[in-house]
Amino acid sequence: MARKLIFGIAAAVGMMFMTSGKADACSRVNYHGADDTFVIARCLDWKTPIPTNLYVYPAGIEKESSDQPGAIKWTSKYGAVYAVGYDGGITEGMNEKGLVVNGLFCKGTVYSNPDTEGRPPMSLAMFVGWLLDLNATTDECVAVLQKHDFNIGGATFDGGTVSALHWGITDASGKSVIVEFDNGEIKINDMGDYWAMTNDPQWPSMRAIIDYWGNVGGVNMLPGTVKSPDRCVRANFFAHHVEATSDPDLAVNIARTVLVNSCVPYTYLIQGEPNVSSTQWRSYADIKNRRYFFDIVTNFGIYYVDLTKCDLRKGAPILKLDTSKETKLMGEANHALKHSNGFTPMY
């Protein structure tokens with residue numbers, strides 16, 4: 001029985017490697033430090049640059065999920081910093097309670113089925129903001145998502161690419177889940193002692209791959225390609241084998257080195273594979289200290305927004321950091337935040 005199980009896992013792993021021919025986008029690492037220090041490090045990988053600006057939204061702003069009839073409307077309870085792609089959709093962010101939500105590509109995603117199509121529309125451009133605006137913890141997000149009283153979808157980008165995503169969610173306690181849509185059904189996976197996620201395959205299969213390599217032993221050998229399972233295995237292994245510090249600066253830098261080990265070098269190409277995705281930018285959310293770091297790979301410096309120094313009260317202005325203009329920033333970047341009317345969602 002045990003031999004059959006091992007053979008089955010090995011065969012499944014082999015199939016995953018054979019069918020994961022493309023280097024998909026993004027890696028996410030959960031760094032667990034000491035004294036409730038948690039850093040969420042992620043990279044966004046894509047075949048072409050995705051212009052991304054940072055916005056700080058205060059609480060008390062009325063928003064809606066879509067421009068279609070029946071859209072969900074809400075007023076934000078919490079202020080947050082968002083990373084907004086193309087100035088039209090929230091890729092990820094962290095709110096004032098330390099809740100972090102990151103969207104990563106996952107080709108196996110199917111958002112809708114006949115049962116969901118009549119539900120209120122939820123645009124991908126606003127989905128992350130909706131979660132961050134109204135929830136303080138991972139458990140609160142899970143409770144909202146389990147109701148599944150919405151139908152998610154969104155505009156294409158980059159010449160018709162569909163945003164097939166799954167999401168990692170982590171709160172100030174370190175509790176993390178992965179949210180995936182499987183033929184219209186929401187699957188919520190508790191990450192437990194798994195500290196990394198990438199793209200395909202979906203989480204149950206990815207977890208089996210991580211377990212397989214755990215039995216091989218990462219000290220002896222780790223998979224080294226830029227394929228999604230390889231990157232996930234490497235990130236998870238190193239996240240478990242680095243120092244757990246309470247020093248906030250060191251924690252961010254340790255998380256950064258773990259993440260970089262699973263990134264795709266900028267401009268890296270594979271002959272005959274035009275869709276290889278290289279890392280465009282990285283972010284590091286220091287949950288305990290409410291600092292959101294941003295690292296564009298073509299810039300020389302890493303900078304951060306300190307949410308504890310932002311006015312997030314109702315009536316405060318929306319702020320924007322235009323990353324195309326601020327290319328030489330290093331360290332705290334609150335001074336580079338400018339008053340803004342906010343971004344226009346690409347519903």
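What you are looking at is a predicted structure, and each value in this text was computed from that prediction instead of being measured.
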(message) Side chains of Arg28 and Thr170 only: does a donor on one sit below 3.5 Å from an acceptor on the other?
(response) yes

(message) As an exercise, state the distance from CG of Asn53 to CG of Asp87, rounded to the nearest 0.5 Å.
(response) 4.5 Å

(message) Please evaluate residues Val84 and Leu54 with respect to the criterion side-chain contact (heavy atoms from CB on, under 4.5 Å), reporting the C-alpha separation (whole Å), side-chain torsions for both, the decisive distance (0.1 Å), and the verdict.
(response) CA-CA 6 Å; Val84 180; Leu54 305 186; over 6 Å; no

(message) Any heavy-atom pair between the side chains of Met122 and Trp130 that's under 4.5 Å?
(response) yes

(message) Check for me whether the distance between the ring centres of Trp281 and Phe294 falls short of 6.0 Å.
(response) yes

(request) Kindly say whether Leu319 contributes a backbone atom to a donor-acceptor pair with the side chain of Ser340 at under 3.5 angstrom? (result) no

(message) Closer than 3.5 angstrom, by distance alone: can the side chain of Asn334 be matched with the main-chain N or O of Asp306 as a donor-acceptor pair?
(response) yes

(request) Rounded to the nearest 0.5 Å, what's the gap from NZ on Lys309 to CG on Leu337? Could you check? (result) 12.0 Å

(message) Under a 3.5 Å distance rule, please check whether Glu326 uses its side chain to pair with a backbone N or O of Asp322 as donor and acceptor.
(response) no

(request) Kindly compute the distance separating OG (Ser262) from CZ (Arg234), expressed to the nearest 0.5 Å. (result) 5.0 Å

(request) May I ask you to decide if Lys175's main-chain N or O and Thr138's side chain share a donor-acceptor pair within less than 3.5 Å? (result) yes

(request) Rounded to the nearest 0.5 Å, what's the gap from CG on Asp286 to OG1 on Thr37? Could you check? (result) 7.0 Å

(request) Determine, step by step, whether His32 and Phe38 satisfy the side-chain contact (heavy atoms from CB on, under 4.5 Å) criterion, reporting the C-alpha distance in whole Å, the side-chain angles of both residues, the deciding distance to 0.1 Å, and the verdict. (result) CA-CA 5 Å; His32 290 224; Phe38 300 101; 3.7 Å; yes

(message) Does any part of the side chain of Thr267, heavy atoms only, come nearer than 4.5 Å to the side chain of Ser278, both counted from C-beta?
(response) no

(request) Identify whether the distance between the nearest side-chain nitrogen and carboxylate oxygen of Asp149 and Arg119 falls below 4.0 Å. (result) no

(message) Rounded to the nearest 0.5 Å, what separates atom CG in Asn189 from atom OG in Ser176?
(response) 12.0 Å

(message) If the threshold is 4.0 Å, N to carboxylate O, is there a salt bridge linking Lys63 and Asp133?
(response) yes

(message) I'd like to know if Asp200 and Lys107 make a salt bridge, using a cut-off of under 4.0 Å between side-chain N and carboxylate O.
(response) yes

(request) Evaluate the side-chain proximity of Arg42 to Thr91: yes if any heavy-atom separation is below 4.5 Å, no if none is. (result) yes

(message) Would the distance check show the side chain of Thr279 and the main-chain N or O of Val264 forming a donor-acceptor pair, the cut-off being under 3.5 Å?
(response) yes

(request) Please state whether the rings of Trp46 and Phe105 are parallel, tilted or perpendicular, taking 30° and 60° as the class boundaries. (result) parallel

(request) Report yes or no: do Ser283 and Glu92 form a side-chain donor-acceptor pair below 3.5 Å? (result) yes

(message) Is there a path of hydrophobic side-chain contacts, each under 4.5 Å between heavy atoms of I/L/V/M/F/W/Y residues, joining Leu134 to Trp167?
(response) yes

(message) Please check this pair: side chain of Asp190 against backbone of Gly192, looking for a donor-acceptor N/O pair closer than 3.5 Å.
(response) yes

(message) Can you confirm whether more than 12 heavy atoms, excluding those of Lys320, are under 6.0 Å from its NZ atom?
(response) yes

(message) Is there a side-chain contact between Tyr86 and Met346 in this structure, where contact means two heavy atoms from C-beta onward sitting under 4.5 Å apart?
(response) yes

(request) Might you point out which heavy atoms bring Glu96 and Gly79 nearest each other, and give the distance in Å? (result) OE2-N, 2.6 Å

(message) Ring centres under 6.0 Å, that's the criterion: do His240 and Phe238 meet it?
(response) no

(message) Assess the residue pair Leu312 and Val56 against the criterion (side-chain contact (heavy atoms from CB on, under 4.5 Å)); give the C-alpha distance rounded to whole Å, side-chain angles, the decisive distance to 0.1 Å, and a yes or no.
(response) CA-CA 8 Å; Leu312 302 176; Val56 174; 3.6 Å; yes

(request) Ignoring hydrogens and angles, tell me if any N or O in the side chain of Lys288 forms a donor-acceptor pair with the backbone of Pro248 under 3.5 Å. (result) no

(request) Please determine, by modelled atom types, if Thr198 and Arg231 share a side-chain donor-acceptor pair under 3.5 angstrom. (result) no

(message) Strictly distance-based, threshold 3.5 Å: is any side-chain N or O of Thr323 a donor or acceptor partner for the main-chain N or O of Thr52?
(response) yes

(request) Kindly give the heavy-atom pair with the smallest separation between Leu145 and Ile188, and that separation in Å. (result) CB-CD1, 4.1 Å

(message) Can you see whether Asp171 engages Ser173 through a side-chain donor-acceptor pair at a distance of less than 3.5 angstrom?
(response) yes

(message) Would a single hydrophobic cluster contain both Ile72 and Ile61, if residues Ile, Leu, Val, Met, Phe, Trp and Tyr are joined by side-chain heavy-atom contacts under 4.5 Å?
(response) yes

(request) Compare all side-chain heavy atoms of Ser123 with those of Ser65 and state whether any distance is below 4.5 angstrom. (result) no

(message) Testing the basics here: between Ala71 and Ser66, what is the closest heavy-atom pair and its distance to 0.1 Å?
(response) CB-O, 3.3 Å

(message) For Asp193, I'd like to know if atom CG has over 12 heavy atoms of other residues, nucleotides or ligands within 6.0 Å.
(response) yes

(request) Indicate yes or no: at least one non-hydrogen side-chain atom of Val100 is less than 4.5 angstrom from one of Ile169. (result) no

(request) Please confirm whether His166 and Phe181 have ring centers closer than 6.0 angstrom. (result) no

(request) Compare every heavy atom of Cys26 with every heavy atom of Leu104, then report the nearest pair and how far apart it is. (result) CG-CB, 3.6 Å

(request) Give a yes-or-no answer on whether the side chains of Thr225 and Asp230 include a donor-acceptor pair shorter than 3.5 Å. (result) yes

(message) Tell me whether Glu64 is salt-bridged to Lys73, with the criterion being a basic N under 4.0 Å from an acidic carboxylate O.
(response) yes

(message) In this structure, is the centre-to-centre distance between the rings of Tyr194 and Trp203 below 6.0 Å?
(response) yes

(request) Over all heavy atoms of both residues, which pair between Val233 and Ile209 is shortest? Give the atoms and the distance, please. (result) CG2-CG2, 3.9 Å

(message) If hydrophobic clusters are built from ILVMFWY residues whose side chains come within less than 4.5 Å, do Val276 and Tyr266 share one?
(response) no

(request) Considering only NZ, NE, NH1 and NH2 on the basic side and carboxylate oxygens on the acidic side, decide whether Glu332 and Arg291 come within less than 4.0 Å. (result) no

(message) Quick check: is Val260 connected to Ile302 through a chain of hydrophobic side chains (ILVMFWY, heavy atoms under 4.5 Å apart)?
(response) no

(message) Between Arg313 and Asp311, does any side-chain N to carboxylate O distance fall below 4.0 Å?
(response) yes

(message) Assigning hydrophobic clusters by single linkage (Ile, Leu, Val, Met, Phe, Trp, Tyr; side-chain heavy-atom cutoff under 4.5 Å), is Trp195 placed with Met197?
(response) no

(request) Could you pull out the closest heavy-atom pair between Pro204 and Glu180, with the gap in Å? (result) CD-OE1, 4.1 Å

(message) side-chain contact (heavy atoms from CB on, under 4.5 Å) for Asp45 and Gln280? Distances and angles first, verdict last.
(response) CA-CA 5 Å; Asp45 302 355; Gln280 306 292 327; over 6 Å; no

(message) Tell me whether the rings of Phe127 and Phe150 are parallel (<30°), tilted (30 to 60°) or perpendicular (>60°).
(response) tilted

(request) Please confirm whether Tyr303 and Phe293 have ring centers closer than 6.0 angstrom. (result) no

(message) Could you tell me if the side chain of Thr109 sits less than 4.5 Å from the side chain of Leu165, heavy atoms only?
(response) no

(request) Answer yes or no: is there a donor N or O on one side and an acceptor on the other, between the side chain of Asn236 and the main chain of Cys232, under 3.5 Å? (result) no

(message) Keeping Asn113 on the side-chain end and Asn183 on the backbone end, is there a donor-acceptor pair under 3.5 Å?
(response) yes

(message) What I want to check is whether the side chains of Asp247 and Thr245 have a donor and an acceptor closer together than 3.5 Å.
(response) no

(request) Using only heavy-atom distances, determine whether the side chains of Tyr111 and Glu185 contain a donor-acceptor pair under 3.5 Å. (result) no

(request) Determine whether Asn95 and Val101 make a side-chain contact, defined as any pair of heavy atoms from C-beta on separated by less than 4.5 Å. (result) no

